[in-house]
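These numbers come from a predicted model, not from an experiment.
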Amino acid sequence: NDPASRTDATPYLTVSNGALGYTFTRDPTAGGVSVEPEVSSDLTTWTPASSSDGVVVIDDGWIVSVRLTDPVLEDPRRFVRLKFVLEETQ
């Protein structure tokens with residue numbers, strides 16, 4: 001599924017080689033909001049995610065894709081959430 005070929009703004013999940021992906025669109029003119037993935041093993045303690053955690057974020061300003069690099073079945077107790085942060089303006 002090529003996100004650029006989509007004509008609507010509906011978010012969607014993908015599975016590639018057992019690894020999950022989540023893609024959504026956002027209005028590039030609505031600046032001041034960042035997307036920060038977080039990971040947890042217990043749904044209580046959340047830490048910022050990075051590629052070393054197996055989480056990759058691709059953001060071209062319009063389409064945002066969050067992808068897990070490892071198959072889900074390899075670590076069934078890994079949870080990922082997206083935190084949307086409103087950046088302060090001066």
| Under the side chain to side chain contact (heavy atoms under 4.5 Å, CB included) test, residues paired with Ser16 that sit two or more places apart |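 Checked Ser16 against side chain to side chain contact (heavy atoms under 4.5 Å, CB included); zero matches.
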| message | For Asp53, is there any backbone N or O sitting under 3.5 Å from a side-chain donor or acceptor partner on Arg78? | response |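 The answer is yes, because a donor-acceptor pair under 3.5 Å joins these two groups.
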| query | Sub-3.5 Å donor-acceptor pair from the side chain of Asn17 to the main-chain atoms of Ala19, do we have one? | reply |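 No, because the side chain of Asn17 does not come within donor-acceptor range (under 3.5 Å) of the backbone of Ala19.
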| field | Derivation of the side chain to side chain contact (heavy atoms under 4.5 Å, CB included) call for Asp60 and Ile58 | value | CA-CA 7 Å; Asp60 71 0; Ile58 301 167; 5.8 Å; no
Contact between [X] and [Y] at the side-chain level, heavy atoms closer than 4.5 Å - yes or no?
{"X": "Phe79", "Y": "Ser41", "answer": "no"}
{"X": "Thr69", "Y": "Val56", "answer": "yes"}
{"X": "Trp62", "Y": "Thr25", "answer": "yes"}

| field | Modelled atom types, side-chain donor and acceptor of Thr23 and Ser65, under 3.5 Å | value |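 Looking only at side-chain atoms, Ser65 and Thr23 do form a donor-acceptor pair, the distance falling under 3.5 Å.
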| request: Kindly indicate, with the supporting measurements, whether the criterion side chain to side chain contact (heavy atoms under 4.5 Å, CB included) is fulfilled by Leu82 and Phe24. | output: CA-CA 12 Å; Leu82 298 179; Phe24 62 96; 3.8 Å; yes
| request: Count the heavy atoms of every other residue, nucleotide or ligand shown that sit under 6.0 Å from CG of Leu73, and state whether that count exceeds 12. | output: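 Incorrect, the count does not exceed 12.
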| Passing option when Leu20 is tested against Val80, Val15, Asp70 for side chain to side chain contact (heavy atoms under 4.5 Å, CB included) |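 The residue from Val80, Val15, Asp70 that satisfies side chain to side chain contact (heavy atoms under 4.5 Å, CB included) with Leu20 turns out to be Val15.
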| field | salt bridge (charged side-chain N to carboxylate O under 4.0 Å, His left out) partners for Glu38, two or more places apart | value |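 With sequence neighbours excluded, Glu38 shows a salt bridge (charged side-chain N to carboxylate O under 4.0 Å, His left out) to Arg81, Lys83, given in chain and number order.
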| query | Considering all heavy atoms of both residues, which atom of Tyr12 and which atom of Thr14 are nearest to each other, and what is their separation? | reply |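 Smallest heavy-atom distance, with atoms named: CE1-CG2, 3.4 Å.
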Answer yes if [X] and [Y] sit in the same cluster of Ile, Leu, Val, Met, Phe, Trp and Tyr residues linked by side chain heavy atoms under 4.5 Å apart, and no otherwise.
{"X": "Phe84", "Y": "Leu86", "result": "yes"}
{"X": "Val57", "Y": "Val39", "result": "yes"}
{"X": "Val64", "Y": "Leu13", "result": "yes"}

| field | Note: Asp59-Arg26 ion pair, threshold 4.0 Å (strictly below) | value |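 Yes.
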